[in-house]
Amino acid sequence: MHLKDYKGILSQKNGMNISRGCTHGCIYCDARSHCYGMDHDFEDVEIKSNAPELLEARLRGKRKKCMIGTGAMSDPYIPLPLNLRNIRSCLEIIETYGFGLAIQTKSALILQDLDLLMRINEKARCIVQMTLTTMDEDLCRIIEPRVSTTGERVDVLKTLNRNGIETVVWLDPILPFINDTEENINGLLDCCIEAGVYGIICFAMGLTLREGNREYFYAKLDRHFPGMKQKYIHHYGTSYEVNSPRNRELMELFHRRCGENGMASDINGIFSYLSAFEEKEDNGQLNLFS
């Protein structure tokens, strides 16, 4: 871990990351890709030491409230003490100024801030996004070695639901020849139904690979799935999109089951839902601002 002061914190679309790099060790992580220009080892997490100060200055100066997004590139719950203090401080600022929150993680550590999530949700709107990939906990420990297990993440979704926090699941990635089975997809969808999630984001039954994350992914395939790297090279070469041979049938299964169980699966619709700011009036009703 190392510290760095930054000049800015929010993107044009009001997204933020309070750190760069990660210790989760997910073998497929796109954030390792060279295109993001990271100038330090990925596991040497760069903590944006002045993130709370930058965020407060931006929110204080905003004329119109909105949803603040975090977690798209770097999980906000990387288990480093300063990182965890930073995310809590940022949530406190979001709550103080009455903004909404759309936060994405793979970690059950988010529940340590449940009190703040609920307070944000009382004033505006809080949505938690959770990634799910496999029902096989042994496989989970291989492809996502230092993060909460699938079971732990599903328990988080249920806890959030009980406390009135809306949730969205990212069904991603589905690794060809590894977890691209009907049994796995049905199991994950069963968990989402039971947890009462609003919707599920799934671009395709596959993953993306490019320079930087491809090499790391292949090295892990060699270690944990002998012969699998050669199978990927044979089927996909250097393609960016690496979709399962069963992509079509699994996507049909996905959309059908989402529709049957009242879960949103239209990607554009879900992204609009995540970005729509709702301010709650004293009577508990919502005013919607896109």
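Side chains included, hydrogens not; waters and symmetry mates left out as well; all remaining heavy atoms used.
Checked by atom type and distance alone, the side chain of R20 never pairs as donor or acceptor with a backbone atom of D39 at under 3.5 Å. A donor-acceptor distance shorter than 3.5 angstrom exists from the side chain of S74 to the backbone of G21, with no hydrogens or angles considered. The main-chain N or O of T105 is never found under 3.5 Å from a side-chain atom of D75 such that the two would form a donor-acceptor pair. N83 contributes a side-chain N or O that, together with a main-chain N or O of I78, makes up a donor-acceptor pair within less than 3.5 Å. S239 places no side-chain N or O within donor-acceptor distance of the main-chain N or O of V242, the cut-off being under 3.5 Å. Judged by distance alone, with hydrogens and angles left aside, the side-chain atoms of N184 form a donor-acceptor pair with the main-chain N or O of N179 at under 3.5 Å. With hydrogens and angles ignored, the 3.5 Å screen pairs no side-chain donor or acceptor of K65 with any backbone N or O of G100. Judged by distance alone, the side chain of E46 and the main-chain N or O of K4 form no donor-acceptor pair under 3.5 Å. Looking at N213, its side chain does come within 3.5 Å of a backbone N or O of R210 through a donor-acceptor pair. Side-chain N or O atoms of D172 include none that pairs as donor or acceptor with a backbone N or O of C202 at under 3.5 Å.
Hydrophobic clustering keeps L132 apart from V168 (ILVMFWY residues linked when any side-chain heavy atoms are closer than 4.5 Å, directly or through intermediates). Hydrophobic clustering of Ile, Leu, Val, Met, Phe, Trp and Tyr side chains at less than 4.5 Å, counting indirect connections, keeps M16 apart from M67. I103 is connected to M118 through a chain of hydrophobic side-chain contacts under 4.5 Å among Ile, Leu, Val, Met, Phe, Trp and Tyr, so both are in one cluster. Grouping the Ile, Leu, Val, Met, Phe, Trp and Tyr side chains by contacts below 4.5 angstrom, directly or via other members, places L175 apart from Y216. Follow the hydrophobic side-chain contacts under 4.5 Å out from L59 and you reach Y6 in the same cluster.
Looking only at atom types and distance, the side chain of R153 has no donor-acceptor partner in the side chain of T150 under 3.5 Å away. D30 and S33 form a side-chain donor-acceptor contact under 3.5 Å, judged by distance and modelled atom types alone.
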(request) Just do the side-chain contact (heavy atoms from CB on, under 4.5 Å) check on K158 and V154 with the steps written out, would you? (result) CA-CA 6 Å; K158 293 178 180 178; V154 172; 3.8 Å; yes

(request) Give the intermediate values and the outcome of side-chain contact (heavy atoms from CB on, under 4.5 Å) for residues L207 and F217. (result) CA-CA 11 Å; L207 76 159; F217 179 67; 4.1 Å; yes

(request) Begin from the C-alpha positions of Y77 and S148 and carry the test side-chain contact (heavy atoms from CB on, under 4.5 Å) through to its verdict. (result) CA-CA 11 Å; Y77 287 96; S148 300; over 6 Å; no

(message) Under the criterion side-chain contact (heavy atoms from CB on, under 4.5 Å), I'd like the reasoning laid out for L274 against Q104: C-alpha separation, chi angles, the key distance, then a yes or no.
(response) CA-CA 11 Å; L274 290 170; Q104 184 175 349; over 6 Å; no

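Ring-plane geometry between H40 and H2 is classed as perpendicular, the angle between the planes exceeding 60 degrees on a 0 to 90 degree scale with a lower cut at 30. Using a 30° and 60° split on the angle between ring planes, Y232 and Y218 fall in the perpendicular class, above 60°.
The two atoms that bring A204 and N243 nearest to each other are CB-OD1, 3.5 Å, heavy atoms only. Here the closest heavy-atom approach between residue I165 and residue C126 is recorded as CG2-O, 3.8 Å. Closest approach of R257 and I193 over heavy atoms only: NH2-CD1, 3.5 Å. Of all heavy-atom pairs spanning N17 and K48, the tightest one is O-NZ, 2.9 Å. The heavy-atom pair separating K106 from C26 by the smallest distance is NZ-SG, 3.2 Å. Taking both residues in full, the closest heavy atoms of Y36 and A31 are given as CD1-O, 3.7 Å, listed atom of the first, atom of the second, then distance.
Using a 4.5 Å cut-off on side-chain heavy atoms (C-beta onward), E56 and T96 make no contact. A 4.5 Å side-chain heavy-atom check between F277 and K64 finds every atom pair outside the cut-off. With contacts defined as side-chain heavy-atom distances shorter than 4.5 Å, the pair Y28/T133 qualifies. Inter-residue side-chain proximity for K220 and R223 is flagged as met; some heavy-atom pair is nearer than 4.5 Å. Here the side chains of Y236 and L209 are not in contact, with every heavy-atom distance at 4.5 Å or above. Here the side chains of L117 and L101 are in contact, with some heavy-atom distance below 4.5 Å. With a 4.5 Å cut-off on side-chain heavy atoms, V197 and M130 do not count as touching. A 4.5 Å side-chain heavy-atom check between V128 and V156 finds every atom pair outside the cut-off.
Taking CD from E92 and CD1 from I94, the interatomic distance works out to 10.5 Å, rounded to the nearest 0.5 Å. Atoms CG and SG, on L171 and C192 in that order, are 7.0 Å from each other to the nearest 0.5 Å. The CZ atom of F254 sits 10.0 Å away from atom CD1 of I174, with the distance rounded to the nearest 0.5 Å. Rounding to the nearest 0.5 Å places CG of L54 at 9.0 Å from OG of S49. Atom-to-atom distance recorded for L139:CG and T134:OG1 is 4.0 Å, nearest 0.5 angstrom. The distance from atom CD of E152 to atom CG of D155, rounded to the nearest 0.5 Å, is 7.5 Å.
Remark: D180 does not engage R246 in a salt bridge, criterion side-chain N to carboxylate O under 4.0 Å. For R119 and D113, the salt-bridge test fails: no basic side-chain N is under 4.0 Å from an acidic carboxylate O. Using a 4.0 Å cut-off between charged nitrogen and carboxylate oxygen, R256 and E252 do not count as a salt-bridge pair.
Figure legend: K231 and F177 shown as a cation-pi pair, the cationic atom lying under 6.0 angstrom from the six-membered ring centre and within 45 degrees of its axis. Cation-pi geometry between R58 and Y97 is not met: the NZ or CZ atom fails to fall both under 6.0 Å from the ring centre and inside 45° of the normal. Taking the ring centre of F225 as origin, the terminal cationic atom of K229 falls outside the region bounded by 6.0 Å and 45° from the ring axis.
Each of H24, R146, R32 was compared with E43 under the side chain to side chain donor-acceptor pair (under 3.5 Å) criterion, and only R32 meets it. Checked options I18, L91, N86, I87; the residue passing with P52 is N86 (criterion: side chain to side chain contact (heavy atoms under 4.5 Å, CB included)).
Atom CZ of R141 has more than 12 heavy atoms from other residues, nucleotides or ligands within 6.0 Å.
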